[in-house]
Every structure is written in structure tokens, then in C-alpha cells.
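Numbers restart at 1 for each chain; the letters A, B, ... are given by sequence-line order, proteins then strands.
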Amino acid sequence: MQTVDNIKPCFPLFNEDEYQAVLEKKRTHEERVSPEKAAETFAWTTTKEYQDLNFARQALTINAAKACQPLGGALCGLGFEKTMVYIHGSQGCVAYFRTYFNRHFKEPIAFIADSMTEDAAVFGGQKNVHEGLQNATKLYDAKMIAVCTTCIAEVIGDDLGAFIGNARKEGYVDKDFPIPYANTPSFVGSHITGWDNMFEGIMRYFTLNEMEGKAPGQNGKINIVPGFETYLGNYRVIKRYMKEMGVDYTYLCDPDEVLDTPATGEYEMYAGGTTIEEVKDAPNAITTFMLQSTTLEKTKKYIEGTWNHEIPKLSIPMGVEWTDEFLLKVSEATGKAIPASITKERGRLIDMMTDSHQWLHGKKMAVFGDPDFVMGLVKFMLELGIEPTHIVCNNSNKRWEKAMKKMLEDSPYGIHAKLYPGCDLWHLRSLCFTDKPDFIVGSSYGKFIQRDTLYKGPEFEVPLIRLGFPIFDRHHLHRMTTLGYEGGMYILTTLTNAVLERLDDQTKMLGKTDYNFDLVR
Amino acid sequence: MGLLNREEAEALIQEVLEVYPEKAKKDRAKHLMVNDKKLESAKKCITSNRKSVPGVMTQRGCAYAGAKGGVWGPFKDIIDISHGPIGCGQYSRGGRRNYYSGIAGVDSFCDLMFSSDFQEKDIVFGGDKKLAKLIDEVESLFPLSKAISVQSECPIGLIGDDIEAVSKKKAAEIGKTIVPVRCEGFRGVSQSLGHHISNDAIRDWVISNRDGKLDAGTPYDVAILGDYNIGGDAWASRILLEEMGLNVVAQWSGDGTIAEIENTPKAKLNLLHCYRSMNYIARHMEEKYGIPWLEYNFFGPTKIAESLREIASHFDDKIKEGAERVIAKYQPAMDAIIAKYKPRLQGKKVMLYVGGLRPRHTVGAYEDLGMEVVGAGYEFAHNDDYDRTIKELKDATLIYDDATGYELEEFVRQVKPDLVGSGIKEKYAFHKMGVPFRQMHSWDYSGPYHGYDGFAVFARDMDMTVNNPCWSMFKAPWQKPAEEPEAKAA
């Protein structure tokens, strides 16, 4: 029972005896199996035998580590100036996309649905597009509406281009109002694919028929394409490097303002973002740097094919070597030198690596997440002397697999790592029991593996280190940086301190494990 | 700003409608009203449960959300398969805070997600074979699950899959209940049809499983319907019912089990908290088993005491005395909480926009704290919900149905409440505006809010949010008053 001076929320309220008694009594109505049977079954789920069954799955996904295309399409749309993301399809999807990003960014997310219902499923969604575009332009004062689709529109085969064309013809929306679009079927690829499709759609819309007089190098800039990127610091660190190098650049898709607006007393739906003019001018850049190169196939094809850019072959600029390579390539493409300030920053990262190596060397870490992110993270781990063990990528592709294999084979720290392309977090759960790593590194979804492994016993617990997307259960980590040397500093700090926290946890039993509970580490 | 009078409230609605194109304006006008307590029925003044206008930024979800997330997800020993592409299952995982007690992945499955992760070939060739195989895989990996539900995502109904046939066949094979749920996201206009479809599915596939085999039970058997155990709500309710001498045989669906569903027909009274999402099955049980049902309200001590007495009135003196004993036991603690928090919250104005129940059900709890609800609306209520709402609210209160992002912001800008209670999609826009905000779906990661213990948490939470110092710091000292944003003083 509550007392006014000590009001208890769910925890620890339900730990009290009176509630434990309520739960105990409730059990008599539940017809649950006996605690012994449950314990026995739990133990079985931790075995190699269970793992084999688990890996024999062909139809069932359990605890996915990926989302669907329009989520990525929507994030891409957010990165353009005064752009309203408009999703043609069921409204529930859009509520989910908004919610998903609200929870990660702790920011308002404005996306619009055109609310297809049963009649639209029968007769097609053209009416929804017409009315929806008319209302959206009237209500939300956008400069651009970026349209992508949910699976209902894709399954019934709505012709988005024709619908938008007709909306113009019939006066629902101004003839010249910019409405780029992309098909983003949820049953193909993942959110990463959706980002690629929407991005290509926006580039195509503004440049395909306006290539006359445009040629690589004319504006003296470089383009930067982030891909599905949820660390705000990553947008900022690349911009800072460009500024320090004196490189003129265009960030093609730049949501770092709209996803980080200040509390002023007014809600601004739009902030920052790449302008339409910048997009139109993008073919005139010297070249285009794609920060997540293994997952932007459609974009790459379009930029190479239509803009005639020779896209530098680079991996995601995470860790030391791949950041070096990125900067060198930028320098090579632009003729601008890498300034002393960046060299100093690199030196500081290396200094931190020398300081912390003893806590990281030989640590075994399982990793899961999106393809390029995981690749960059693993690359940096190898540079730190960490041994990645189980590498799970639910939305991988063949190119990723090939590149990962090569990278792991080339490093003494990678040779024992195993790749699990297309696998989910229930697979990873099994692996964490049968071949225990020291840590799991990934999104908030990993916390359930930590809990389950702890249930087996404290010595089996695999703590989660939160790096990736989504992070719902810790605040403000999305503002951090994982790219460049600065990103290396954040990742290194996060990993090192997780190791030290863990060591403190294990050595803080007074009179029992006082040794190694050190003031100085 | 003071309260709006009727004319001002009506003028505000007109002003907000001005920006819409003609057709949308006509439609939206029907969903906005100013409360008039004299009305017998809401029907003439507000339209609800209609299609959302395309392109206006509705806050609503879909039938799948109402079915999988709303009704089915909280039953702990049923494995819910999100059948279709990967997104729906992923987005609906773990956000609702419907608590359960059990061993996850062994005998309880609330915080796992199960998906058939449809690929293009499944769309082209159909997913029935995949579903059949998937059920075998579920069975081999989770032998202690008690039942399976198949939650249809949009494509299922469009490609002509026969999930009913697969469910029947596989249920016979594995000897467990398998419930096909036709909750494709395009059905209906909101989460609400998903609730209805789920109630019907329980009616058709589960509730009568033990007909003729149930014992008579005790004269004090009751079931809790429409409590999803958000932040432990159902536990904080159950404790009171048991303390007054009732025997709670089932919880629907928070922390519930399939056995509890099947045993519900022996209840002597069904207690319905969320009317919107579970009135259908309550009515069915009334018709089929003759079980009366009663709506109750466990938000705030005033309503709790009323409800306990009304529940007790259906039973003998033992229970009536039990109710009085419970009320007397908790009253001093409630008095102390009100004595502490009411002076801090007295006169504060609240605007609510939630699902289908709370905008009316929490009014009493706010009033217990001296607060006043000046605007209320629902994402997916029906006319019968508005009938009930009119009576709970003061005259001239703004009422909005399926409000758009634009309308909510405008209403709040003009009415300037001291607190907004709504969902995660609304939350951060109001943070930017400097308006204290509580999530009223998930209890903002707190709770429980039901029951006497829950009210203590509710009072604490409203106070911490309304009176936190952060709302007074919006303006930097060097910002001129002329540019002053409308920050709220604490």
C-alpha cells in the first residue's frame, strides 16, 4: 500500500509482499506449467540441441533486427528542406513509423498518411492520393512532399506516378508543386532499402530531365549521401571535417536540424534540410561520396548512370583506417589538404586507443545491426584488438557478406568471428548461451538477451552495449557520433567503460571480491 | 488564459476549420463540438468512427494495432504471429507496457515478436504454406505455449490467403487452439475494428472451448475485462477486488492466459474497464451465458469508491461490507495524497486526447486533484463513448474526434492548458511548445494508474510534470521580451 512520502511506481511496488501474494494467487487461475517444468524448458532453450532446432527455422522470424522499407523512405524525406513525408497506404503504418522515430529521437515526427481503407483496397487509392495531397499542401505549408508507399498500395499495384500526375491535372495540387515519390514495398529488403529507394526517387525527380548543361565538377563541390543514418553527430562530424578542410559540399539528405530542434515555446515542424536547389545542382559536383556504400545500390546506379559521377570506392568512415581513406579520397577529389586540426584529432583518437587498449584487447563481442554500421563497427573493433564473435545482420546482402568475410580473414582478431547473415535475435540468443561472448553490441532489442542469459545465472550474463538503431531505453544517445575519429572516440569510450562497469559489478562484493575493485583503472 | 465560454469555444473551432479545403472542412466540422451536458445523446453533435480524412495527419492506428497490440498481445501464453511483412511485428513490439508475470520465451511471450517476414514470393504465391511451416516451427521451439493467434497484416486479405483453413488444420495436428484474426490494417477506420474483430475471434475460436465442462465456481467469481495491465494496472485493480472478497477468475487481457479466457463463462459478473475494446465479448457472454456486465472506473479515489460500491451491489452483504472495508482502509492514504498534491495542482487545466476510454475515465482522478479537464477527444471512440463523455465533462468543454496534428496544436495554442495528456506522437511537439505533457497510453513509462495504489502514482506524476522547473527556462536571459516565446511559468 502506498504512503504519501514514498510513492512507488510499478517497480518496486509489485515487489511488495501483498502484490507477490496477488500474483501467486493469480497463478491458480492460469493453468501454467509447474515452475519445475518451466525451469527445465528454459534450461533446454540454452542448449546446443535447441540451437540446432532454432537454426533449422525456415519460415519463422523471432525478434527481428530490421524494419520495413517505408520507415527508411520516411527518414530520407525528413532530410530535405520543408519536406512533408507523405505515405500512400494504410494509416496504421504511418502511426508506427512516427512512433518508432519518436521513441528513438525523442522528437516530434510529422508524417502524413492518406489512410487507405477497404474501399481503396478494392478500387485503388487514387482518390486518397488526390484528397490527401490537397489537404496536406493546404495544412502543412511544405515546399516538397516526398511520397512513399506501404504494402497495401504495392500489393494492389497502385500507379503512384499516374495518381500524382492526375492530381496535378485535376487541380488537387499545383502543377509545379514538387512531389517526388518512390515505391517502397515492405516485402522487399528492409528500412535500408526504403531509404535507398526514396533517395533515388528524390534525385531522379529533380535531375533526370534536367541534366542539360550539367557536368561533374562544375560547381566545385562534393556531394555526401548519408544513407539510413540515425546518429545526429554523424551528420555534424562530416560537415565539420568538410569545413576544416575547406571543402565545399552538399549534404544530400540532412535531417540533423529537424531531428534536434530547440525548446523555444514554439513547435517548428520543419528545420534545416537539403534544399531543392542543392539537389538540382548536385550533378554538377565533382563527385558523390556515399557513406554507407554496401546498401545504396539504386542510388549508386542512378548517380553513376545519370550524373556520370565516378563514385569513390569506400567503406563507411568508421574507425581509423576507413576514416583515413575517406579523408584522403575527399582530399584527392577536391585538391584540398587534410588540415592539422584533423590530424590532431586523429592523433587524439590513437592516444585514447593506447590508453584503453588493455581493457579492450581480446574482449569477445557479439555484434548486431544494420549492414554498413555493423561493418564499420567490426572494422574498428579489429583495430582495437577486440575479437568480434557472432556477427548478426538481419538485413544483409551478398555484397556485405563478401566484404565482411574478407575483412575478418585479413585480421588476426577476426579469424574466429562467424557471420550470420539474415539471422535474427533469437538466433543470437542461442549463440550467446552456447558460445558466450563477453558483451553484445547493438540496439535496445539486445536487452532481452542480456536478461535471458542472466536468468541462467550471473556467470552467464552477456551485458548489452547500446550502439545502433533503435535505442529506446536510454536517453539522447542518438545525438552521439560514430563516424570519423570523433565517432571512434565515442565508440571507444562506450566500449571501454562498459568493460570497466562490468568489472566493477563483478568485484564489488564487500569481503568477497574486494580484489580488483580498483580506484584507478 | 481563463476557460473558454461556449461562444469562444465555438469560435475557436470555426477558426481552426478555416484552413481546410472545402471537403475536408465539412468533414472535420462534424468531429468537433463544444460540450452541452443537457444532451441525451452525442449523435447529433459529433460524428465518430468514420474514415480519417486523407492527408491531414491523423493520430490513429489500424485494425492490426487494435488486435495484435491492443487485445491479443497482453495475453501471455498465446504466441501472436504477425503474419505478413516484417514491419508491423517490429513496430508493435514492446512499446505498450502491458506487464505480465512469467518466463519470457518459455511460458510467456509478450515481449517476443514473431513474424512470417513476407518476401515478394510470398505475396506472389501466397503465404499459407509458409504459415503452416511456421506453426510447426513455433511448436518445436516453444512447446509450453498454450495457443497461437495469426494476426493478419494488410497483404493477407489482399492476396486471398486462407488462414482459417491453415489454422484449423494445424490446430488439429498440434492439439492447441489456433486463432486466425482478420485484422488487416485496411479494415475499418482505426484500431477499433481490430478490437471488435478480436472479440469476435475469441467468441468464435476460444470462449466456448470448455462449455459443459466448467464447474460452477464460487458465487463470488468475477472477471476483469478491458484492462491491459499497463504499468501493472490490472494488478492494482485485482488486489482491491480480492480484498473485498471477490474471486477474480480471469484478466482480459493484461497478464491473462488462455485458461482464464476459457474459464470466464463461470464468472457471475463481468467487470468492464475499457468499454470500447471489450464491450462486444461482454455482450456476447451476457447473451450466451447470462453473465451480466458492469462498467467500472478505477481512476481516482472518488470513482474507485463509487465503482467498488456498485460492484458490491451485485453481491451479498459480505461483499458489500468488503467494499466498505476496502474503501475505509485506503481512504487515509488517499486523503494524505490529496492533501499533498491538490494544493500544487489546484485549478490546473488539462487537455486530453487518447484512445477510446481514458479521456472520460480519468476526469474524476484529475478532479480529485483539483484539476479541470478543458478539452477531451478520442482517436477511435464511437457514439456510445461520446454519450458517456458528455456527462463527465463540464459545459463548454472542447470535444474533438480523430483530431489531426494541426487541430491539436491549434487548440492547445489557444486554450493554453497547464497539462496535455496524449500519446508519444503528440508528446514532443508540446514539449517544444513548453506545455507540460504526460503520455496517457503508456503512463509515460510509469504506472500503475488504476486502483488506490495507482492513484498515488498518478498524483505524483501529474505533479512532477506540471511543476518541474524545466518549463520556466525556455527563454535565455538575453532574449528580449518582445521575442519572448510563450514559455510556461511553473
Closest-packed option against chain B by number of heavy-atom pairs under 4.5 Å, given [options]:
options                              : value
A/Thr150, A/Thr3, A/Asp119           : A/Asp119
A/Ala21, A/Cys93, A/Gly132           : A/Gly132
A/Gly92, A/Ala65, A/Ala120, A/Cys10  : A/Cys10
A/Met1, A/Lys26, A/Lys25             : A/Lys26
A/Val22, A/Asp114, A/Leu71, A/Thr117 : A/Thr117

Side chain, backbone, both or neither: which part of [X] has an atom under 4.5 Å from a heavy atom of chain B?
X        : value
A/Lys8   : backbone
A/Arg27  : neither
A/Tyr455 : side chain
A/Met116 : backbone
A/Thr61  : both
A/Phe448 : side chain
A/Phe472 : neither
A/Ala39  : neither
A/Pro470 : neither
A/Tyr140 : side chain
A/Gln58  : both
A/Ile152 : both
A/Leu23  : side chain
A/Thr261 : both

Q | All pairs passing salt bridge (Lys or Arg N to Asp or Glu O under 4.0 Å) where residues 84-108 of chain A contributes a residue, at least two apart | A |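 Applying salt bridge (Lys or Arg N to Asp or Glu O under 4.0 Å) to every pair that reaches into residues 84-108 of chain A, excluding sequence neighbours, yields A/Glu107-B/Lys432.
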
Atom group of [X] that falls short of 4.5 Å from chain A, counting heavy atoms:
X        : result
B/Cys154 : side chain
B/Val106 : side chain
B/Glu242 : side chain
B/Tyr341 : side chain
B/Lys121 : neither
B/Val124 : neither
B/Arg97  : side chain
B/Lys130 : both
B/Asn247 : side chain
B/Lys425 : both
B/Ser92  : both
B/Ala63  : neither
B/Pro143 : side chain
B/Leu144 : side chain

Considering only heavy atoms and a distance below 4.5 Å, find which of [options] pairs most often with chain A.
options                                : result
B/Gly185, B/Ser52, B/Ala333            : B/Ser52
B/Glu184, B/Met334, B/Arg60, B/Lys340  : B/Arg60
B/Gln251, B/Lys329, B/Lys427, B/Arg238 : B/Arg238
B/Val248, B/Leu141, B/Ile159           : B/Leu141
B/Gly232, B/Ala429, B/Gly84, B/Ala250  : B/Ala429
B/Glu153, B/Glu426, B/His431, B/Glu409 : B/Glu409

How many angstroms lie between atom [atom1] of [X] and atom [atom2] of [Y], to the nearest 0.5 angstrom?
X        : Y        : atom1 : atom2 : answer
B/Ser190 : B/Asp402 : OG    : CG    : 8.0 Å
B/Glu243 : A/Glu18  : CD    : CD    : 7.0 Å
B/Tyr330 : B/Ile239 : OH    : CD1   : 4.5 Å

### Query
Looking at B/Phe114 versus A/Trp426, is the centre-to-centre ring distance below 6.0 Å?
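Not under 6.0 Å, so no.
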
Worksheet item: Do B/Phe458 and B/Tyr449 make the cut of ring centroids closer than 6.0 angstrom?
Response: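 Ring centroids of B/Phe458 and B/Tyr449 are less than 6.0 Å from each other.
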
Side-chain contact test, heavy atoms from C-beta onward, threshold under 4.5 Å: evaluate it for [X] versus [Y] and give yes or no.
X        : Y        : value
A/Phe187 : A/Glu154 : yes
A/Ile112 : B/Val56  : no
B/Ile424 : B/Ser442 : no

N-O pairing of [X] and [Y] below 4.0 Å:
X        : Y        : result
A/Asp424 : A/Lys66  : no
B/Glu260 : B/Lys146 : no
A/Glu118 : B/Arg187 : yes
B/Arg93  : B/Asp111 : no

* Asked: Between the side chain of A/Thr264 and the main-chain N/O of A/Glu266, is any donor-acceptor distance below 3.5 Å?
  ->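 Yes, A/Thr264 side chain to A/Glu266 backbone: donor-acceptor pair under 3.5 Å.
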
